[in-house]
Amino acid sequence: LHRLANQQISGSNLKTVKEVVGWLGAVQAQDFLMLKWAVDLRLPVTTDKIVKAAIESSEIIPSHVFR
């Protein structure tokens, strides 16, 4: 239960994709679906359009180079 809370999964005050990724520091995502899944866990109202807009505006930069 503590792990879910610490990772903002069981409840979160985060409101945007940028806030989620910023809070986590980074999100490992080889593809769009994994990125969206990681964000969706913490921001349930997220749509493909919202995540794509965050990428297109460079609010977040998807990468897998840290793997």
Side-chain angles (χ1 to χ4, degrees):
L1 188 60
H2 291 291
R3 184 175 179 178
L4 295 175
N6 288 338
Q7 292 185 15
Q8 302 287 312
I9 295 172
S10 63
S12 174
N13 293 326
L14 304 171
K15 306 251 187 278
T16 66
V17 175
K18 182 179 177 179
E19 287 179 5
V20 170
V21 175
W23 187 87
L24 292 169
V27 175
Q28 181 178 332
Q30 283 80 357
D31 59 38
F32 179 79
L33 290 177
M34 292 295 102
L35 169 62
K36 185 167 181 301
W37 179 68
V39 172
D40 278 345
L41 285 173
R42 295 156 179 94
L43 194 64
V45 296
T46 304
T47 64
D48 287 2
K49 186 176 180 178
I50 291 170
V51 176
K52 286 179 184 176
I55 294 168
E56 290 171 2
S57 68
S58 297
E59 288 182 9
I60 63 170
I61 301 170
S63 179
H64 65 281
V65 297
F66 300 113
R67 181 168 186 207

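Each residue takes its place number in the sequence, starting with 1. A quick note: this is a predicted structure, and the numbers were derived from the prediction, not measured.
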Check whether any side-chain heavy atom of [X] lies under 4.5 Å from a side-chain heavy atom of [Y], and answer yes or no.
| X | Y | result |
| --- | --- | --- |
| L35 | I60 | yes |
| I61 | I55 | no |
| R42 | Q7 | yes |

Got a sec, which hydrophobics cluster with L41, joining ILVMFWY side chains under 4.5 Å apart, including via others? L4, I9, W37
Could you work out, with side-chain contact (heavy atoms from CB on, under 4.5 Å) as the rule, every residue matching L14, not counting sequence neighbours?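 Scan of L14 (side-chain contact (heavy atoms from CB on, under 4.5 Å), adjacent residues dropped) gives Q8, S12, E19, V20, W23.
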Rounded to the nearest 0.5 Å, what's the gap from OG on S57 to NZ on K52? Could you check? 14.0 Å
Which atom pair, heavy atoms only, marks the closest approach of [X] to [Y]?
| X | Y | result |
| --- | --- | --- |
| M34 | D31 | N-OD1, 3.0 Å |
| T16 | L43 | C-CD2, 3.5 Å |
| T46 | K36 | O-NZ, 3.7 Å |

Under the side chain to side chain contact (heavy atoms under 4.5 Å, CB included) criterion, do V17 and I50 qualify, and how do the steps go? CA-CA 8 Å; V17 175; I50 291 170; 3.7 Å; yes
